[in-house]
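Step one of this worksheet: look at the structure below.
In what follows, chains carry the letters A, B, and so on, assigned in the order in which the sequence lines appear, proteins first and then strands, with residues in each chain numbered from 1. Heavy atoms only: backbone and side chains are in, while hydrogens, waters and symmetry mates are out.
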Amino acid sequence: MAERIGVFVCKCGPNIGDRIDVDSVVAEAEGIEDVVTAKSHNLLCSEDGIRFLQEEIRKGGLTRVVIAACTPKQYEQKFMRACEGVGLNPYLLQMTNIREQCAWVTPDPAQATAKAKSLVRAATMRATLQEPIEKKEIEIHPDVLVVGSGVAGLEATLTLAQKGRKVYLLEKSPCIGGLGARFEEVYQTMECAPCMLAPELQEVLQKENIEAITYGELEGVVGSYGNFTVKIRRKARYVSEEACIGCSACFEPCPVEVSNEFDEGLSKRKAIYIPFAGALPNVPVIDEANCIKLKGGECNACQEACPFDAIDFDDQDRIEEKRVGAIILATGSTQFNPSSLAQYGYGRFDNVLTGLELERLNASNGPTGGKILLKDGREPRSVAFVYCVGRKEKGHCSGICCMYSVKLAHLLKEKIPGVEVYSFYTDLCLPKKEHQRLYEEVVEKGVEFIRSNGSERVSRDGKGLVVEYKADSTSKSLAVDMVVLAPAIEPNPDTAKLAAILDIPLDERGFFSEEHPLMKSFGTPLEGVFIAGCCQGPKDIGDAVAQGGAAAGRILSRLIPGEKLELEPIVAVIDEEICGGCNTCISICPYSAISRDEEKKVAVVDDTLCRGCGTCVAACPTGAARAKHFTNEEIFAEIREVVR
Amino acid sequence: MNEPTIVSFLCNWCSYEGADKAGNARLEYPANIRPIRVMCSGRVDTELVLQAFREGASGVLILGCHPGDCHYKKGNYKTRRRMLLLRKALAQFGVEPERVKVDWVAAGEGERFAKVANEMAETIRELGPLRLPLSG
């Protein structure tokens, strides 16, 4: 059956009307096969214009609509809705741009008119070939998995939970809270981080719709946006979370002592331990690598001491599957290890520390009870900070080292009266509205900033340390008691593992690659998988929290309980009759949306992942792959008419 | 029309908008630049280019997002590689490779769009209309 095509040319007031001979464009359209009506209108996007358009579609029984007007970027959606409103599938509309890409760029009216005619012919011939596309919707699962319980993960979890979402909060360490729990005070408010975090952590543990899974790891993910099935390994804790009341009676009798990760190795812990007093959940874990019993030896000390029979040496890892609609990765970052840079002496000389180690010395729950001491127990009389350690090697500014180094300098000045503090820096990065104030304050207190541009070398001199450096083109040296390095932030080792599990890309530095660095820094190229916090790149607490909230907000606005998820309608399809099974499309699809049907030996597109770029269509050697709404035939028709 | 046609494939996200910006700024370029919107420059197959020549185009311009900016990650790289090969093949058939041009125009780059369009028009003007050696 022949199509009934309507062509509508908008004058856009004088914008098109004064530059193109609209009547002759209409006349050209009238002459095209199957065009039953061709008309112009002064302003199609106006209320009157839309009414006119809908009336024409109804009256003429139109099966295809061509609109020659402004850029489709402006009103295509509006015109599509207008078509839909009168029962015409919106994908049977074709717009052509005779304003921005014709009237406004072609000074000669005759040439502009000729171009407009050819564009109208192209759109009309294309429209004839267009097919209706139905919106595809899928059922979804509204629950969410958040991986990582630092500030970004916490914000995401609580935002989702406040709206009643079930959230699985997966944390690989035995307690929740992430890195923030290790800081006594944070830049620039000098607020106590554990105090700042405590209400959030308690809320996480108390809210019924949040299931915090500590000491667990993500092992596998299948499915797509709206319908993921995630596999979680709950590592054996050897202490029953139900029976244990957190009385700590088990620590004392344990005969094993190993270095405590929470204090950066500056203190000891037992083989049965909680990372720090007050860690949540307040349930110990037995470290199987170091426990005598679990290594096959004879020891029951903790079990005998436990008044609640909570110790279970037969505990085993358990694998659990959860169904979720979306995943937020907030897995944090780690510190570049400065021992690989020999010039700083880290790991070789006593009293060369990282910023994080000094944080622990400063913390009241740290190895020294908050006293900043040298290895021999004396208070340092002089301390040198070295900024930008590893910046050159990693190739990025970590953005937070200046802040915490300034903060630690301030704390030193407060804690140790008369201490001399020097800061060797290359560039200072303190960009936020309140960030300069503390810097100005420490300068006033006598912290000396020396621009040494990475020339620092640390050596030992008797019991003390010497920093040799170059400033103002002169070589100088300075004797100090303590050197504090500010190492670069780098991705933690789990990042690559998780990227492989989820099939999402890493950037050149090994952080998760974001969907867009500015507009969607919390998204990944995989729909339904979001990133927040330092796993996307180094950032401070405020920025990490903002990203966590943004990711949660995206999920709340699109993954709604009881509502279906609308999928991108313009996708690729593969004709299994033609497909030769060469897998070319599978290898080049940027979204891993194509997989192989092993039985039929053909490629299959997953509509939930395809975003309709058409890369597979261009690459398919047999022509089996078709791009909906951008088929070869449709484009050929356009080519024919624009060239004619 | 006085000048031979240049079929211009514009990616939906960057170059099409770049062309719109050229319009917004009322920049001028010849009317023989005839735009065809595709979702991604990576959609542009050699088949589409050859079809354009077969139908009578004298030049084909393929514009995508700048390297690293592709809305679909890497479609622009794919088309660039494809067109490098096609240009070599065309040369062997006696068709000037300059008749196929791949370039990048960002969504905000109206000036750049007009510049690239004018340059391509100039190239094709100098080469003259394409006479396909194997047409028939």
Side-chain angles (χ1 to χ4, degrees), chain A residues 15 70-74 94-108 110-116 118-119 122 126 505 513 515-517 525 570 572 588-591 611-620 623 627 629-630 632 634-644, chain B residues 1-13 16-17 19-49 51-58 60 69-75 78-79 82 107 110 113-114 117:
Chain A
N15 284 296
C70 56
T71 173
K73 301 279 175 176
Q74 203 162 352
Q94 178 64 21
M95 275 192 83
T96 191
N97 182 347
I98 60 164
R99 194 179 71 175
E100 283 85 348
Q101 298 185 12
C102 185
W104 281 352
V105 290
T106 316
D108 174 38
Q111 286 193 9
T113 303
K115 181 172 177 180
S118 104
L119 291 176
R126 182 195 207 285
S513 189
E515 186 173 353
H516 188 283
I570 300 176
I588 61 156
C589 174
Y591 302 102
R611 303 220 188 156
C613 64
T615 302
C616 58
V617 183
C620 175
H629 212 51
F630 287 91
N632 273 1
E634 287 162 3
I635 298 174
F636 285 170
E638 276 189 85
I639 292 172
R640 191 173 309 124
E641 297 304 326
V642 296
V643 170
R644 201 150 68 88
Chain B
M1 195 174 27
N2 316 326
E3 292 196 56
T5 313
I6 298 162
V7 171
S8 309
F9 294 104
L10 311 182
C11 84
N12 182 53
W13 305 97
Y16 194 90
E17 294 213 9
D20 282 349
K21 294 289 190 310
N24 294 140
R26 309 297 196 277
L27 303 172
E28 292 173 10
Y29 56 85
N32 61 332
I33 299 283
R34 296 287 159 89
I36 292 180
R37 178 159 70 135
V38 288
M39 292 307 280
C40 178
S41 59
R43 168 69 182 87
V44 183
D45 185 355
T46 50
E47 202 180 344
L48 298 182
V49 178
Q51 182 75 3
F53 287 137
R54 200 178 298 146
E55 294 286 358
S58 291
V60 175
D69 292 352
C70 175
H71 185 80
Y72 303 104
K73 299 200 263 187
K74 288 180 182 166
K78 290 182 178 117
T79 214
R82 236 176 251 142
F113 181 86

With [X] as reference, evaluate [options] under the side-chain contact (heavy atoms from CB on, under 4.5 Å) test and give the passing residue.
X	options	answer
B:I36	A:E638, A:E634, A:E641, A:R126	A:E638
A:I635	B:R43, B:Q51, B:E47	B:R43
B:P35	A:L119, A:N97, A:T96	A:L119

Looking at [X] and [Y], what are the two nearest heavy atoms and their distance?
X	Y	value
B:M39	A:C613	CB-O, 4.2 Å
B:G42	A:A618	O-CB, 3.2 Å
A:G612	B:Y72	O-OH, 4.2 Å

[X] [atom1] to [Y] [atom2] distance, which is reported to the nearest 0.5 Å:
X	Y	atom1	atom2	result
A:E100	B:R26	CD	CZ	8.5 Å
B:R34	A:C102	CZ	SG	7.5 Å
A:I588	B:K73	CD1	NZ	12.5 Å

request  = Please determine, among B:C70, B:A117, B:S58, B:A19, the option with the most heavy-atom pairs under 4.5 Å with chain A.
outcome  =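 Answer, by heavy-atom pair count under 4.5 Å with chain A: B:A19.
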
request  = With a 4.5 Å cut-off on heavy-atom pairs, point out which of B:T46, B:T79, B:D45 contacts chain A the most.
outcome  =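 Sorted descending by pairs with chain A, the first entry is B:D45.
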
task = Could you pull out all residues at least two apart from B:E17 that satisfy side-chain contact (heavy atoms from CB on, under 4.5 Å)?
result =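 Only A:K73, B:K21, B:A107 meet the side-chain contact (heavy atoms from CB on, under 4.5 Å) criterion with B:E17.
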
message = Using the side-chain contact (heavy atoms from CB on, under 4.5 Å) criterion, which residues pair with A:I570? Sequence neighbours excluded.
response =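 Testing A:I570 for side-chain contact (heavy atoms from CB on, under 4.5 Å), a comparison that skips the adjacent residues, returns A:Y91, A:E568, A:H629, A:F630.
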
With a 4.5 angstrom heavy-atom cut-off, which part of [X] approaches chain A: side chain, backbone, both or neither?
X	value
B:L27	backbone
B:V44	backbone
B:I6	neither
B:K74	neither
B:R54	neither
B:D69	neither

key: Main-chain N/O of B:Y16 paired with A:Q101 side-chain donor or acceptor, under 3.5 Å   =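 Judged by distance alone, yes, a pair lies under 3.5 Å.
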
task = Check for a donor-acceptor pair, side chain of A:K115 on one end and backbone N or O of B:I33 on the other, with a separation under 3.5 Å.
result =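 Indeed, once roles are kept as given, a pair shorter than 3.5 Å links the two residues.
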
task = Answer whether the closest heavy-atom distance between the side chains of A:I639 and B:F9 falls below 4.5 Å.
result =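 Yes, side chains in contact.
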
request  = Report yes if some heavy atom in the side chain of A:T106 is under 4.5 Å from a heavy atom in the side chain of B:Y29; otherwise report no.
outcome  =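 Counting from C-beta outward, A:T106 and B:Y29 never come under 4.5 Å.
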
For chain B, the option from A:S118, A:P72, A:P517 that forms the most heavy-atom pairs under 4.5 Å =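 If we count pairs closer than 4.5 Å to chain B, A:P72 comes out on top.
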
